[in-house]
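The figures that follow rest on heavy atoms only: side chains count, while hydrogens, waters and symmetry mates do not. Since we're looking at a predicted model, the values are computed, not measured. Reminder, nothing fancy here: chain letters follow the sequence lines and each chain counts from 1.
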Number of protein chains: 2
Amino acid sequence: MSDKTNDQNPELKAGQFRALTEAEIASLPGQPGNPGRRGFMKMGALAGLAGVGGTLLTGCGRGATGDQPVAGKAPAAAATSMPEGHPTEVAPGHLDEYYGFWSGGQSGELRILGLPSMRELIRVPIFNPSFAIGWGITNESKRVLGKDFPPGGDLHHPHMSQTNGRYDGRYLFVNDKTGTRVARVRCDVMRADKIIDIPNVADIHGMRVQREPRTGYVFANSEFRVPSPNDGRDLDDPKKYQTMFTAIDGDTMEVSWQVIVDGNLDNTDCDYEGKYVASTCYNSEEAVDLAGMMQNERDWAVVFNIKRIEAAVKAGKFKTIGKSKVPVVDGRHGSPLTMYIPIPKSPHGLNASPDGKYFVANGKLSPTCSVVAWSKVDDYFDGKLKDPRDAVIAEPQLGLGPLHTSFDGRGYAYTTLFIDSQMAKWNIQDAIDAYAGKKVNYLRQKLDVAYQPGHCHTSLGETRDADGKWLVSLNKFSKDRFLPVGPLHPDCDQLIDISGDQMVLVADTPVFSEPHDAVIVPRQLMAGKIKRIWDRKDPFFAETVAQAKKHGVVLEKDSKVIREGKKVFVYMTSSAPKYGLDSFKVKKGDEVTVVVTNVDDIEDLTHGFCLSNYGINMEISPQETSSVTFIADKPGVYWYYCTFFCHALHLEMRGRMLVEA
Amino acid sequence: MSDKTNDQNPELKAGQFRALTEAEIASLPGQPGNPGRRGFMKMGALAGLAGVGGTLLTGCGRGATGDQPVAGKAPAAAATSMPEGHPTEVAPGHLDEYYGFWSGGQSGELRILGLPSMRELIRVPIFNPSFAIGWGITNESKRVLGKDFPPGGDLHHPHMSQTNGRYDGRYLFVNDKTGTRVARVRCDVMRADKIIDIPNVADIHGMRVQREPRTGYVFANSEFRVPSPNDGRDLDDPKKYQTMFTAIDGDTMEVSWQVIVDGNLDNTDCDYEGKYVASTCYNSEEAVDLAGMMQNERDWAVVFNIKRIEAAVKAGKFKTIGKSKVPVVDGRHGSPLTMYIPIPKSPHGLNASPDGKYFVANGKLSPTCSVVAWSKVDDYFDGKLKDPRDAVIAEPQLGLGPLHTSFDGRGYAYTTLFIDSQMAKWNIQDAIDAYAGKKVNYLRQKLDVAYQPGHCHTSLGETRDADGKWLVSLNKFSKDRFLPVGPLHPDCDQLIDISGDQMVLVADTPVFSEPHDAVIVPRQLMAGKIKRIWDRKDPFFAETVAQAKKHGVVLEKDSKVIREGKKVFVYMTSSAPKYGLDSFKVKKGDEVTVVVTNVDDIEDLTHGFCLSNYGINMEISPQETSSVTFIADKPGVYWYYCTFFCHALHLEMRGRMLVEA
């Protein structure tokens, strides 16, 4: 245990920050008798702890200055907002400089934005069915989604595959918290190609990718403890519940191994050497109610030793659970595979710095971040460090509700303060020096954000290439920042210019629920990697191509109907403004498979196939083949028509399915 | 038949414009042997007819000038793009000036934008299930969607209810083309409250609302002709197919009457007196293949005489079809209820001018728009006008592929030219004078848009309050305007400032498929009409409230479980950061109904209820009650958690469903 003095609050020793009491929890807005956020002025430190209240409302216009009840030594909270003429507007016809890959949260989708314009360029349905493009309707998408896929998912974290600590533009990986799933998105076509269920656990929350030597592993935290197996046993015995850390092979999308842990897992990140991955834990109490989850002054970050775990698995030191064949090793307290580092209090975000030296665990219910040196983790596993707590080399006090930290590659860190509704900029080395006893102020600036920020992310900030240009603050509340649209408000993503000494707020962007997390990638890095037209040999529809071949059908030319008993295969081309078939006839009760091949090879010339009153629509982009299978259960004439406006005669691009009674 | 000279092309009589030949159709891009759009230079008038090609690519940056192969007298096509410093960026914290209510096309949703920022403020799921808010999952939404609702819809036209020709902020009405449905959205909470199936017809395309004295009627065009009833009869006998025009009572959302027509119906609009509504027809041939649909040089606009139809229905001069009780009258050629006005060629958009005098039918395959005087329609029904064609009082020649026209209230019209990828500004009175033989140039400006525009809409342009501030061009192709995102490209909505003499392009906005149509409403008009918190007495969840009352449950206070045989009702409150129940227990096979009441009354403090691995998520906004019913078919421990980040302890806001085996 470190005994250094906490220079931000001399009365306390390092790590001994005052956290929320139960009385304070009871006083949070939303609890009976508490005022709402609107018109609710800062009432000092206690009110400052309020979950959804606490800072002076900036209202409409340039951000007003909120005071800082806890972190007292920061420069006056800068009311730095957009100066006139700040170059964030991207003129018509000009391209954005960065891609933003954005979580869609409980919408289940991935979103691709352009920065700095913050325009949504496209949506990529993943865990959510999408009638717009037929995701969840076409056979090709159902092969990815699996049988009996749920009606949606809760997509939290999008992260791009890396090679040598740098984005490599191959894949994006995303997780579904509620569905306990991880998906992979091909960056060349921006479509999910694999979605897998994670066995033995419930609720994947944190998810990150291996940086070195490459991705490699995709690491997934399961948050909620459940019985094992979760088949009805031990319902009333939470002590028997457990959870695990999961490593997935990003190339095969098979689960490599799992590690049983104490507590529950929250967020995760890994080092720049391929040795370790660490996760925060916020319910070390293993409680099943709110009060119980907040008892401990410190929870922990657990570090996983990848090489040792691989060796244990290789040596057969694992078990399997139920029908799953995944090797499960024991990483609970005392295991040589893991290291438990005490962190105050209910830590949330965990972020590795791009210099490869540290990770930062964000306190949530403590006003601090804890900086851990990977070198000290080496020391611990080498037996040179006895007390895991001594791996903490700084604990800057930043403000209320630190949730996530990002980096600019110039030695500065940016931490979201949920309760204070602020972004704190601080210097990592200064925080280390202060923790070591030097009189130095590590806080550089606090910027009001609107309101209650969760994740933040800097351009390239999770790679060696962190460029210190842009920071986004993904805020959970928008309140009065936009025109009212009913009881459900959008969230508010804010774009902040961090290229200078001071953070400058440049744009507010309303977002549909919920922009959980995001990564920012320069367009140069993606240049030449994204296809504008499908390759006819693409694996995404290869199974459909193989089926056609068996039928002797040349998809690029033939439009014909093949009947096999009650199964009818309808093959047709599409070429603006015509389908290969003006009509086809089936019998009521037939299982009909319609296969459409877009033989147009002009960029952006997508067709649709929408079958009226049959609940079917699918996108067929240039050179793509899409198919759908359904039962023709209603007799009559049903028109199919093109849903992607392709031509002056687009409205005339249609045909009839004739269903005989 | 008018015999006036066509002053734009003296060789032809008015109305006798050259339209696309079959050879030209065959030469369109997308047909074998034709070049793609990229790098494809203007090849003159014939190439100019190409559906997806034809204009000089403006590429990246300020719009280049395309020539005008047909309409020769326009001022040089202005390359007017955004000047530096044009005030379209809405600074952080500032509010937009206008609401944009945007069609989501085949996504099935309505979108609410802010203008001039063009930011998407929120999505309103209507025909599409949405896991984000539980639309299609909650009992409340299923009551709106009906039993066995399809997985999506193709939302085309959003229009706001009017009173005396002005937006009144009560409702938005939208249609689903593929599902043959019309929905109503309450503007106070921005939620759909009624979705109805339209009987006897297929595929609702055009849809508009009655302006005078109020809405009143919602008018819906069914596009595709089908057998009647469509039960398997007459499959191979297209001559027996038919379609109808439908009037819906916007207050009760019941169908008032239907009118059988010749041809098929496309777009529709009504007058400013409550007397007439008119629809375009593009397949007067009643063909079922592409070539057949383009035979006629003229199709028509059909005008419906509302009073006469109401009188016919009242007098019992109608039939009913199958199980439907809707009165159906015959409005085919020769009927006293309708007027068929010949219009060249395959007309598409139909738009009434805000001065109440005219409607404009847009030629699509003719380079003209046809201006019809409502007064001449009076004359026709009064027996004073023999030839319906004489109701056409102008036929300005604008360019290739005129699809839709909007108005600025100052006497100018703005017409999208799909093939030319341009917006044409023209003066209505000048066009009338030119048609009458005066030497006058009605064309004011052509502006390149990117690319292939469909609908356009001016601020307040479909009401008496047309203010001439903003125009949006909803373009179907984006091509190279944005960073590449794979084979599927976004569409491109462009914002144009029309407040001055010249149109000025100020913003490009990428959009997910497909922004079919939009209306623009100033924020002042909505002030005070939009609720920020639900009223506990709201009808949206009244049925659930009534069920709780039967169970003796006070929703705002009680958290309890009630069992009735195999039905289990789980009532709980939610108040950040706690649910009223930490856990509840059911048996495998139980039908479980979870009812959550958000007792927080702080604006924006929405909660979620997401049940892991059960495919359930729902939004519960402040003071709302939401419920969901499902079968507990899997034994084990399943956590429910809050999906709308509500509090610093949001992650701890969770509980367990214990399902006994």
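Of all heavy-atom pairs spanning A:Val226 and B:Val637, the tightest one is CG1-O, 3.8 Å. The two residues A:Arg532 and B:His489 have their closest heavy-atom pair at O-CE1, 3.9 Å. What you find for A:Tyr282 and B:Leu651 is that their closest heavy atoms are OH-O, 3.4 Å. B:Leu488 and A:Thr606 make their closest contact through CD1-OG1, 3.9 Å (heavy atoms, listed as atom of the first residue, atom of the second, distance). Heavy-atom minimum distance, B:Ala661 versus A:Asp231: CB-O, 4.1 Å. For the pair B:Gly615 and A:Pro151, the tightest heavy-atom approach, listed with the atom from each and the gap, is O-CG, 3.1 Å.
For B:Lys588, there are no salt bridge (charged side-chain N to carboxylate O under 4.0 Å, His left out) partners at least two apart in sequence or on another chain.
Counting heavy atoms from C-beta outward, B:Asn128 and A:Phe131 have side chains that stay 4.5 Å or more apart.
Each of B:Gly153, B:Pro229, B:Pro150 has some count of heavy-atom pairs under 4.5 Å with chain A, and the biggest count is that of B:Gly153.
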*Take A:Asp154 and B:Tyr641, measure what side chain to side chain donor-acceptor pair (under 3.5 Å) needs, and give me the verdict at the end.*
CA-CA 11 Å; A:Asp154 186 10; B:Tyr641 66 92; 2.7 Å; yes
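Among residues at least two apart or in separate chains, salt bridge (Lys or Arg N to Asp or Glu O under 4.0 Å) pairs with a member in residues 505-514 of chain B are B:Lys476-B:Glu514, B:Arg481-B:Asp508.
Remark: aromatic rings of A:Phe418 and B:Phe645 are close, center separation under 6.0 Å.
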